Each structure stands twice: as structure tokens, then as C-alpha cells.
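Encoded as C-alpha cells, the structure appears first; notes follow it.
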Amino acid sequence: MKLPTIKELLSHIKTRKVIHEIAKLTLTDYQLELLGAQAKIADYRQAILKRADKNKKVHKVLKNWLYDTLEVPSYKAQGILEINERLRSKLIKQGILVPTSERKSKYGNGSVKYFTYANVIDYFSNPQFKAGYEEYKTHHTANVARAAKAVQTKEAKSLEKVNTYRIKIKHVEPAGIYRTALNSKLNFQYGTRLGYDLPTYDDLNNAPDTDRNR
């Protein structure tokens, strides 16, 4: 289970009201006074983290508050639990994963289920979840192994085909390459585009250096 750090969780706090609430919970009156009324949210975050790093009790209180309060959408909860969407939907239908709230999706007419981090942690130690998780991991590991083997087989077959190919490269003298390039350039510039007669070899021989270099 991959849980975000306290610093990462604090970075999600975007409103002064919430950051003030956390500050009152973790900072001393003197520290709050030093911050002042004009302090920015980033200043509060820095002060809170500094206090939590120095005081284990404050760190625990802050961690519990964030885990109990902040919510994560179901797809992120799925990532923390290291399961796929199919198992997530199955566990929700079975009532093993119970969302703490549900909100209308901003991308469509559907809704998104949310879980607190504390809920996610509790689910990870839930016997029913563990049973489903172990079964999922077994199948998932087998599927990954099959997919890796399929890639190796496909690669081997591709290499076999490559080894049967015979590629012939025709040697062309540099002078011929230059002449073909100049002819193509002049054909477009003086013939096709402006409607003039097609260039002759004299035109090629007298072409500007810029055209020759090209």
C-alpha cells in the first residue's frame, strides 16, 4: 500500500479556512502570532511541517487529522490499494469498500465515489478485502507473467523474420545523387511552379551554389 506523505497531503490544502484549522491544531499561540494575519498558505504549510518534524505527538495528530478528513476519489484509492478497476467495483458492490461521499463528476453526468485515507487504510486490513486482494494478486501475477512471455515470443518470431530478409543497397555515385537533387529542385522552381520549360543539364551545371549545396 502506497500512502502519500504528510507533505504531499498538505499540498492539497488550497483554502485559508482549512489551513487555519490545521494550524490551530498543530501550532502554538506564539507560532500563530509570528505568522500573522498576512501569512500565505505556503507559509502555514512550512510552519506546520516544521512543527510536525520536531514533535512526534504533533506529527501523529496532524497525520490522523489529514487521514480522517481528506478524501480521495475512487480511482486514486484503487491505486493506493494496488488493485484494478474491476476488483474495486466488485468490492464496492459487495459492501466491502464503502465510500464516505459521492459527488457529481465534472466531466459528465455520472458521479465519483470518494474515500478518506483512514478508510483506505482500514480496508487494507479488512479480512474480506485481504481475501479478495490475495486472489487478485495471484491472478494478476499470472497474467503479468503470461503477458511477458507473449512479448518474448513475439519478439523472437520478429527476429526470425528479420533474419530471413535480404536487403540489397544499390551504390550510387555522389555525382548522380547531386544531379538528381538539383534536377528535382530546378524542376519545381523553374518548371512546375512558374510554368517555364524544364531545365536542361546546362541549367544544372550553372545552378547557384546554394542549390548545389542543397
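Model, not experiment: these values are computed from the prediction. Because only heavy atoms are used, hydrogens play no part in the values below, and waters and symmetry mates are left out as well, while side chains stay in.
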Any chance you could measure [X], atom [atom1], to [Y], atom [atom2], to the nearest 0.5 Å?
X	Y	atom1	atom2	value
L159	T164	CG	OG1	11.0 Å
R146	T153	CZ	OG1	13.0 Å
K17	I22	NZ	CD1	13.0 Å
N55	T28	CG	OG1	10.5 Å
D43	I48	CG	CD1	10.5 Å

Closest approach of [X] to [Y] (non-hydrogen atoms, all atoms of both residues):
X	Y	value
S111	E102	OG-OE2, 2.5 Å
A77	V72	N-CG2, 3.9 Å
I19	R45	CD1-CG, 4.0 Å
V112	S105	CG2-CB, 3.8 Å
A118	D68	CB-OD1, 3.2 Å

request  = Not counting sequence neighbours, which residues clear ring pair (Phe, Tyr, Trp, His ring centres under 6.0 Å) with Y44? List them please.
outcome  =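 For Y44, the residues satisfying ring pair (Phe, Tyr, Trp, His ring centres under 6.0 Å) (neighbours in sequence not counted) are H20.
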
Under 3.5 Å donor-acceptor, [X] side chain and [Y] backbone:
X	Y	result
R51	T26	yes
T100	Y114	yes
N64	V61	no

Do [X] and [Y] land in one hydrophobic cluster if side-chain heavy atoms of ILVMFWY residues count as linked below 4.5 Å?
X	Y	answer
V98	Y117	yes
L25	L49	yes
V58	V18	no
L70	I6	yes

task = Please check if atom CD in Q46 has more than 12 non-hydrogen atoms from other residues, nucleotides or ligands closer than 6.0 Å.
result = no

ask   = More than 12 foreign heavy atoms under 6.0 Å from NZ of K14: is that the case here?
value =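 Correct, the count exceeds 12.
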
Does a side-chain heavy-atom distance below 4.5 Å link [X] with [Y]?
X	Y	value
I80	L3	yes
L62	L9	no
R103	E71	yes

Show me the donor-acceptor pairs, under 3.5 Å and distance only, between side chains in residues 85-92 and residues at least two apart or in other chains.
residue : atom : partner : partner atom : Å
R88     : NH1  : Q78     : OE1          : 2.8
S89     : OG   : E85     : O            : 3.1

query = Which residues satisfy the side-chain contact (heavy atoms from CB on, under 4.5 Å) test with E8, sequence neighbours excluded?
reply =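 So E8 forms a side-chain contact (heavy atoms from CB on, under 4.5 Å) with P4, T5.
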
task = Kindly indicate, with the supporting measurements, whether the criterion side chain to side chain contact (heavy atoms under 4.5 Å, CB included) is fulfilled by Y67 and V120.
result = CA-CA 9 Å; Y67 282 178; V120 174; over 6 Å; no

